[in-house]
A.B. asks: 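Below is one structure. I have some questions about it.
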There are 2 protein chains.
Amino acid sequence: MTLEDPKLDWTARRRQATRREILDAAWETARTDGWEGLTLRRVAERVGMRAPSLYSHYASKAAIVDAMFGAAWQELDDEMAQLESELPDDPRAALLLVARSAFGFFTSEPVRHTLMNLIAVPGFVPSEESYAPSVRNLDRLRRLLTRCGITEAAGVDLWTALIGGLTSQQIANDPGGDRWARLVPRAVAMYADQFGLPRSV
Amino acid sequence: MTLEDPKLDWTARRRQATRREILDAAWETARTDGWEGLTLRRVAERVGMRAPSLYSHYASKAAIVDAMFGAAWQELDDEMAQLESELPDDPRAALLLVARSAFGFFTSEPVRHTLMNLIAVPGFVPSEESYAPSVRNLDRLRRLLTRCGITEAAGVDLWTALIGGLTSQQIANDPGGDRWARLVPRAVAMYADQFGLPRSV
DNA sequence: GTCTATACACCGATAGAC
DNA sequence: GTCTATCGGTGTATAGAC
């Protein structure tokens, strides 16, 4: 429910827009100063407000971070949904596409990555509502892998470990480079072999 | 040089012992309250001191964290050195042993894991001195994999991604469980297949 | 809704007595 | 080497005027 609803009246729409502005400012702050540098004063400054004014729109700093978490997973899920609708028939090609998409999504925004994977943000615990998109995304991944011929339960867990490992290494040890990005095709082939996918022609 | 040197005189040895106590207290504090909860006041309380007294032993809070980083990597490297001396001849068995060892080391102490892999500790950047053990460890890993028949350069990067991915998933999504621990043998087999290691008998 | 002013709790670090 | 006292700063959050 972070998107604007055209049926709302003017003041409600204005409120939504302001919440959006605050969220954007929070992302920019986190990108610049890291999660430990994300403070209400800095966010407010970027929006053009004073810190206490933020409380008219979010109940607390935690509520802001919570909204960021939900929005990030929703964003990934939207991307995966798009991908799902245009998946190639060849299982290996499809797998590679999914892998590259996720890898690119995470590595392009390291700060977002640390929030989504629950590392680095002090005492943050997502609310049930903001957790929902990440669950939806895992379901979608399960479906996607099944369509690629991965039916075993272990398939999903090994997939998340493999892709997550590649992205984390890329971000931590070669930020901005492609040392692990270059390994993605090979990693996917290795994974496909393990689950007995037919070789492409 | 964090180990005690028997040739030092009494006061120097006492100093070393106190530094050790402080480091231990810092670990315990980080385990209990997380890295954001690691404060000099809490560490001092655990040691039985007042916060300012810590400055007689460490120049700053950053110096303490730095020492923890170096000690953690030294600890892992010691374990890997032990492993190296008793490695089985069969390449696949050796690989599995290395994987299990690293996986167990990291997952047994999640807080240590986040420090070693440079996620979650505010603005920490390791000093050259404390960074050295981690470099040594990577060299050892390279040597270890070579002995197992992994000669390609990509071998090390894919290995760290795979093992790191498994450990991170285990810690983040099933702490205390074995959902990804159970996948380690399969992941190692998949990896060994990719690099053409002969199958065990 | 936004502002100013402020409460309250902490933090890392320093000065100087003992 | 450890203490007390304190500095200068941070943070989140609230009260109340406009």
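Keep in mind that this is a model prediction, so the values were computed, not measured. These values consider heavy atoms only, across backbone and side chains, with no hydrogens, waters or symmetry-generated copies. So you know, we letter chains A, B, ... as the sequences are listed, proteins then strands, and number each from 1.
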A.B. asks: Can you tell me if CD on B:E86 sees more than 12 non-hydrogen neighbours from other groups inside 6.0 Å?
C.D. replies: yes

A.B. asks: State whether A:Y55 and A:R50 meet the cation-pi test: NZ (Lys) or CZ (Arg) under 6.0 Å from the six-membered ring centroid, and within 45° of the perpendicular axis.
C.D. replies: no

A.B. asks: For A:F124, does the CZ atom have more than 12 heavy-atom neighbours from other residues, nucleotides or ligands under 6.0 Å away?
C.D. replies: yes

A.B. asks: At under 4.0 Å between heavy atoms, what does B:L54 touch on the DNA or RNA strands: base, sugar-phosphate, or nothing?
C.D. replies: nothing

A.B. asks: Expressed as a whole number of angstroms, how long is the span from A:R19:CZ to C:dT2:P?
C.D. replies: 13 Å

A.B. asks: Any side-chain N or O of B:R15 less than 4.0 Å from the OP1 or OP2 oxygen of D:dG1?
C.D. replies: yes

A.B. asks: Could you state the CD1-P distance from A:I64 to D:dG11, rounded to the nearest angstrom?
C.D. replies: 14 Å

A.B. asks: Please classify the nucleic acid contact of A:T18 as base, sugar-phosphate, or nothing, using heavy-atom distances under 4.0 Å.
C.D. replies: nothing

A.B. asks: Kindly say if B:S53 contacts the phosphate of D:dG1, meaning a side-chain N or O under 4.0 Å from OP1 or OP2.
C.D. replies: no

A.B. asks: Within this structure, what is the CZ-to-C1' distance between B:R41 and D:dC7, rounded to whole angstrom?
C.D. replies: 11 Å

A.B. asks: Taking any heavy-atom pair under 4.0 Å as a contact, classify B:T39: base, sugar-phosphate, or nothing.
C.D. replies: sugar-phosphate

A.B. asks: Roughly how many Å is it from OH in A:Y58 to P in D:dT12, rounded to a whole number?
C.D. replies: 16 Å

A.B. asks: Can A:R112 be said to sit on top of A:F105's aromatic six-ring, NZ or CZ under 6.0 Å from centre and within 45° of the ring axis?
C.D. replies: yes

A.B. asks: Counting any heavy atom closer than 4.0 Å, what does B:L38 reach on the DNA or RNA strands: base, sugar-phosphate only, or nothing?
C.D. replies: sugar-phosphate

